[in-house]
Amino acid sequence: MSSGSAGSVRIPPEYSRAVAEVEASEPIHEITPHRFTHRPPEGRALLGLRSMLRGRRRALLPCAAAIMIEALTLQAGPFLTQIVIDHGVLPHRAAIVVLGGALYLGSVLLCGVMSGVRTRMSGRLAADVMSALRTEVFAHLQRQSLSFYTREKDGVMMTRMTSDVEALQQLIQEALGMFGVQLLTMLVAGTVLFVYNAALAAITLAAVLPILGALSVWYQRSSDRRYERVRDTLADVLSDLQESLHGARTVITHNRARHNVLHHRNVLGRYQDANHAVATANGIYAGATQGVAILGQAALLLLGGEMVIHHHLTLGEFGAFILYLGTFFAPIQQITVLYSLYQQARASILKLRALLRESPEVLEAPEPVVLGAIAGEVELHDVTFGYEPAAPVLSHVNLHISAGETIAFVGPTGAGKSTISKLLCRFYDPQCGAVRVDGVDLRQVELASLRRQVGVVPQEPYLFVGTIAHNIAFGRPSASEAEVRRAAELAGLGPLIKRLPRGLDTIVQERGQSLAAGERQLLALARAFLIDPRVLVLDEATSNLDLRSEQRIEDALDLLLRDRTAIVVAHRLSTAMRADRIAVIADGTIAEVGTHSELLEAGGRYAAMHAIWQLHAV
Ligand SMILES: Nc1ncnc2c1ncn2[C@@H]1O[C@H](COP(=O)(O)OP(=O)(O)OP(=O)(O)O)[C@@H](O)[C@H]1O
Ligand SMILES: [Mg+2]
């Protein structure tokens, strides 16, 4: 936060040195190559290993070099063994034996160093790539429309951002380098086998390679499906966990704890089954490849032994051949493990790709109109909208609100009052017709410039973990402490802040659970005071207040609504009556609109509501 913001203003002077020290030692990763836009970047390459590693040559090249040197030094052992046996041990030449031993030691050391370099470089590479990917996915989530969040489960999104990204990280960090080493080892060992004795190598490999190939094809196909299921069931586990955490109070009230444990056990069971299926496939593949390797060794012993007896092969060569064949087969076991890491990562990439393909339903126009300071004229022109297009919530709604006017929406529950307020902020686009502010269709405007000037105090405001001051300054973090305090006072938060020992600095718990529902609404009102939008929508913003508290902030509300366009959704007619005009929303349309006295005179729905209200008010 910048100095002068609501948060840092109150850092006591005795801590300022410590803060400066922390700031100096901990880099702030604010400046990333990522520039946030509401429109997804065009022509983005499909998420894949190649696109993730693109442009990271500086880390990739040393990695590749280390892999090659490591693979080559791994081959030195069998070669030196052959030299030492044939030219040192058999002719009794001690110098060759010592030299061979020393070279072997050197090669092992070099191999160790290269393995260290590879591990470090690939670890860094993985961390960098994942950080970039996480930022990209996070930004992508930030630009999604409200409908996306209604549709998708939080738990699934958490899985994408945690375990799916981690699967990829593991692949880059551990598997890719190792895979490179093992593959090169197999290639080099295979070539050397042919150089030593082409016939022997051909026969041995011909016995095993076809079986190995068939096994690999089977494994790839079957584990693809199995890993995908692991990812899906894990997302279910997290979703279920998330729901039970959020709904803890309801769960306790309704005695559902036991049922929830059973349900979670079932969800976990499906995850467990998916993991079992993977383990089975891995077991079959690992066991079978091991068997094939032994088959190859047996074939070699038989044929090679025969050749040594008939002097077609020296004893040293035979020894080296056995060792090289071991070197050739050893990576297969490793590769099985790496391959399963690859398959896991593949399943994750497919999931993340699907997520990144989600296009926000509310798309900013390619060249949007940046709204300057607006007068605040609002128009709904023949608006038809439904969350499901087939089931419209609003049909052919026409409404003109003049700049500076206060209009109240009344009407039965589920009539579409909140829906209209969501359309005004362009959380959704109408299926037909248009919503216009100062005559500009919202589909054409730049979203940031719209939302700076059209503010909503929602029916259920969301509070973030942090101080009350931070929450009030959420829409304008640059506000000074005095401004925050004034907004809080105006919204009627004064008594609460006085009562709390830490005042504005009191920490609000997650989702504002430590505050009363009415206090949360007042805090949301304070937010609106501070943002000072040209068009303000209050969606039942005072519905949770008792009558006295509501009356207490009435003056403040009048002040808040003065000189700006205001739409006040209210069930209480006492609130609605103070507006310039009242619109009755019913049956998906505007049933009546007019001033309080006009509507009373008309004797329609509003008059009936008013009669009932008066009956109860007396
Ligand atoms: N995200 C959503 N997805 C699908 N349907 C929705 C969604 N939000 C609201 N609805 C439906 O749209 C209709 C209008 O809802 P809306 O929230 O606008 O009602 P309202 O007039 O604000 O009611 P209340 O006075 O109770 O707040 C309701 O039938 C509701 O079930
Ligand atoms: Mg509502």
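Positions are given from 1 along the sequence. Order of appearance sets the numbers: ligands from 1, and atoms from 1 within every ligand.
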* To do: Run the ring-centre check on His610 versus His596 and record whether the distance is less than 6.0 Å.
  => yes
* **Check: Glu361 main-chain N/O paired with Ser145 side-chain donor or acceptor under 3.5 Å** => yes
* Asked: Which residue and non-hydrogen atom of the protein lie closest to atom 25 (O) of ligand 1, and at what distance in Å?
  -> Lys417 NZ, 2.7 Å
* Please check if the side chain of Thr467 supplies one atom and the backbone of Asp505 the other of a donor-acceptor pair under 3.5 Å. => no
* Using 2.8 Å as the cut-off, note every protein N, O or S atom close to the Mg ion (ligand 2). => Ser418 OG, Gln459 OE1
* Which bit of Glu388 gets closer than 4.0 Å to ligand 1, counting heavy atoms only: side chain, backbone, both or neither? -> neither
* Asked: Is ligand 1 less than 4.0 angstrom away from at least one heavy atom of His571?
  -> yes
* Asked: Quick check: does any side chain N or O of Gln242 sit under 3.5 Å from a backbone N or O of Ser239, one acting as donor and the other as acceptor?
  -> no
* Give yes or no for whether the N/O distance cutoff of 3.5 Å, strictly under, is met between Gly411 and ligand 1. => no
* Check: Thr233 main-chain N/O paired with Arg270 side-chain donor or acceptor under 3.5 Å -> no
* Taking N or O atoms only and a 3.5 Å limit, does Ser418 qualify as a polar contact for ligand 1? -> yes
* Any ion pair linking Lys351 and Asp232 (charged N to carboxylate O, less than 4.0 Å)? -> yes
* Structure fact -> Checking heavy atoms under 4.0 Å, the part of Thr150 that sits near ligand 1 is side chain
* Structure fact -> The closest protein heavy-atom partner of atom 28 (C) of ligand 1 is Gly414 O, 3.8 Å
* **Lys/Arg-Asp/Glu bridge criterion (N-O < 4.0 Å) met for Glu364, Arg443** => no
* Structure fact -> All heavy atoms of Val397 vs all of Gly588, minimum pair found to be CG2-O, 3.8 Å
* To do: Look at the side chain of Arg534 and the backbone N and O of Ala375, then say whether any donor-acceptor pair between them is shorter than 3.5 Å.
  => yes
* Tell me which protein heavy atom sits closest to atom 27 (O) of ligand 1, plus the residue, atom name and distance to 0.1 Å. => Gln459 NE2, 2.8 Å
* Asked: Which residue supplies the protein heavy atom nearest to atom 10 (N) of ligand 1, what is that atom called, and how far is it?
  -> Tyr387 CE1, 3.3 Å
* Give the residue and atom name of whichever protein heavy atom lies nearest to atom 15 (O) of ligand 1, and the separation in Å to one decimal. => Thr419 OG1, 3.6 Å
* Return the minimal non-hydrogen interatomic distance between Pro412 and Ala586, and the atom names on each side. => CD-CB, 4.3 Å
* To do: Under 4.0 Å, heavy atoms only, figure out whether ligand 1 is touched by the backbone of Val393, its side chain, both or neither.
  => side chain
* Asked: When you look at CD of Glu460, are more than 12 heavy atoms from neighbouring residues, nucleotides or ligands closer to it than 6.0 Å?
  -> no
